[in-house]
Amino acid sequence: MLELLKKIINQFSIYGDFIDAVPFGKGHINGTFVSLWNQAGTPVRYLHQRINDTAFPHPDEVMDNIYRITSHILKKLELAGVADKSQRTPQVVPARNGALWVRDEKGGWWRTYLFIDGVKTCELAESSKEARMAGCAVGKFQKLLADLPGPRLYDCVPHFHDMVVRYQQFDEALEQDVCKRAAGAFSEIAFMKENRARGEALVQKLKDGNIPERICHNDTKMNNILFNEEMTEGICVTDLDTVMPGTVLYDVGDLIRTVTARAAEDETDLSLVEFDPVFFAAVVEGYLSETDGFLIDEESELIAEAGRYITQIMALRFLTDYLKGDVYYKIARPEHNLDRARNQIALIRDMDKQWDSITVILRELRARPY
Ligand code: GN1
Ligand code: MG
């Protein structure tokens with residue numbers, strides 16, 4: 001593996017002496033490695049990823065999107081005189097031939113980024129201060145991209161957060177039941193069916209055009225945010241494959257899903273899976289403090305609903321993948337996807353239980369000046 005990796009890495013515009021490369025990170029989709037180089041006596045690291053071309057059928061379009069948005073962010077940070085701008089966005093390192101990717105012998109697609117040092121990721125928010133920082137980081141990211149010039153970004157995964165389409169995929173997986181797993185997931189399947197109308201209603205509002213299309217990240221879970229080591233600030237948002245046109249509600253929804261949860265997404269002790277209203281208030285307050293200038297009422301009034309929506313779509317996707325035989329998400333154990341679906345369902349149930357107070361908190365936060 002190392003030999004293959006070295007061969008690929010050597011095709012990127014990196015100078016110095018290669019020392020080593022090791023696997024990195026916890027993503028469910030791409031394979032990630034970090035390499036270490038000796039650049040004239042200075043140790044320097046780079047991040048390399050094999051793009052999952054099942055999840056992203058057009059990696060060239062993904063890279064085109066990423067290059068455009070990161071260049072735009074860099075330019076804005078430079079204009080604003082931000083001294084540490086190279087830490088505040090991923091930056092693509094092109095191949096020696098100028099392309100944004102390298103193809104391997106098997107047709108796989110690889111990319112390289114500068115390795116961002118002095119940052120850390122968190123699986124869960126530990127305090128409302130951290131929750132607020134996460135909200136600010138995503139709000140800032142959206143604000144930086146609100147004026148991206150040029151043509152519309154590629155829809156690199158069409159219908160990514162479209163509940164109607166996700167239910168169609170679920171129906172198909174259930175009907176085929178290729179692994180004969182449906183019987184063992186009876187109550188989860190029942191839950192998804194019972195809640196279909198609710199999930200589809202929100203996406204219909206979006207399709208009706210009441211909500212503006214904006215550039216959003218679409219995968220703003222807590223561990224895709226990079227914080228400084230002192231944990232006083234969210235430095236940037238990473239994992240940019242899914243940045244494409246959509247609604248800001250998807251991003252704030254995924255933030256709520258992952259920041260308010262007091263347990264990991266695959267925790268099997270469901271008594272630990274709880275929605276934290278204090279973290280909810282903090283993450284939304286942080287988010288609104290950055291986005292208040294451009295967000296419209298039709299968007300902000302759906303923020304809480306978006307949290308429930310994205311949690312539902314994750315439960316549905318995990319369950320669908322379980323029924324299909326774990327063809328999409330990386331798993332570490334046979335029932336991993338079922339565990340994830342159960343966990344997300346538990347979180348939705350807790351949100352439902354606390355819905356009245358969630359509504360009050362959101363109303364109060366929207367009425368505040370920022
Ligand atoms: C995947 O790539 P990663 O692990 O950040 C998935 C997201 C899900 C997430 C659930 C392209 O994100 O949609 O929210 O897992 N990304 C893709 O943890 O499907
Ligand atoms: Mg991702």
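As the structure lists them, so they are numbered: ligands from 1, and atoms in each ligand from 1.
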- Parallel, tilted or perpendicular: rings of Tyr250 and His161 (30°, 60°):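 Ring orientation of His161 relative to Tyr250: tilted.
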Please indicate whether any nitrogen or oxygen in [X] is less than 3.5 Å from any nitrogen or oxygen in ligand 1.
X	value
Asn218	no
Arg317	yes
Tyr329	no
Asn223	no

Would you say the side chain of [Y] lies within less than 4.5 Å of the side chain of [X], judging by non-hydrogen atoms?
X	Y	answer
Phe24	Phe33	no
Thr220	Ile225	no
Trp37	Ile19	no

Interfacing atoms of ligand 1 (cut-off 4.0 Å, heavy-atom, [X]):
X	result
Gly27	4 (O)
Glu265	10 (C), 18 (O)
Tyr328	11 (C), 17 (C), 19 (O)
Arg257	10 (C), 14 (O)
Asp219	2 (O), 3 (P), 5 (O), 7 (C), 12 (O), 14 (O), 16 (N)
Asn224	5 (O)
Phe56	11 (C)

- Using the six-membered ring of Trp109, assess whether NZ or CZ of Arg103 lies under 6.0 Å from its centre and within 45 degrees of the ring axis.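 Satisfied, under 6.0 Å and within 45°.
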- Item | Six-ring centre of Tyr15, Arg96 cation under 6.0 angstrom, axis tolerance 45° |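 Because its charged atom sits under 6.0 Å from the ring centre and within 45° of the axis, Arg96 does stack over Tyr15.
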- Query: Where does His161 meet ligand 1, judged by heavy-atom distances below 4.0 Å: at the side chain, the backbone, both, or neither?
  - Reply: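 His161 to ligand 1: no contact under 4.0 Å from either part.
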- Using a 4.0 Å heavy-atom cut-off, say whether Val157 meets ligand 1 through its side chain, its backbone, both or neither.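 It is neither part, as no heavy atom is under 4.0 Å.
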- Message: Tell me whether the count of non-hydrogen atoms from other residues, nucleotides or ligands lying under 6.0 Å of NZ in Lys205 goes above 12.
- Response: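 Incorrect, the count does not exceed 12.
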- Item | Any Asp241 heavy atom less than 4.0 Å to ligand 1 |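 No, that is not the case, since the closest heavy atom of the residue is not under 4.0 Å from the ligand.
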- Query: With a 4.0 Å cut-off on heavy atoms, is Lys330 touching ligand 1?
  - Reply: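 The answer is no: ligand 1 sits nowhere under 4.0 Å from a heavy atom of Lys330.
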- Message: Evaluate Lys143 against Glu290 for salt bridge (Lys or Arg N to Asp or Glu O under 4.0 Å), listing each step before the verdict.
- Response: CA-CA 7 Å; Lys143 199 160 64 176; Glu290 292 291 341; 2.8 Å; yes
- Query: With sequence neighbours excluded, what pairs up with Glu126 under the side chain to side chain contact (heavy atoms under 4.5 Å, CB included) test?
  - Reply: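 With sequence neighbours excluded, Glu126 shows a side chain to side chain contact (heavy atoms under 4.5 Å, CB included) to Glu130, given in chain and number order.
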- Item | Nearest candidate to atom 8 (C) of ligand 1, where distance is taken over non-hydrogen atoms, out of Lys26, Lys221, Met314 |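 The residue whose heavy atom sits nearest atom 8 (C) of ligand 1 is Met314.
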- Task: Step through it carefully: locate the ring centre of Tyr154, locate the ring centre of His58, and say whether they are under 6.0 Å apart.
- Result: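 So the answer is no for these two rings.
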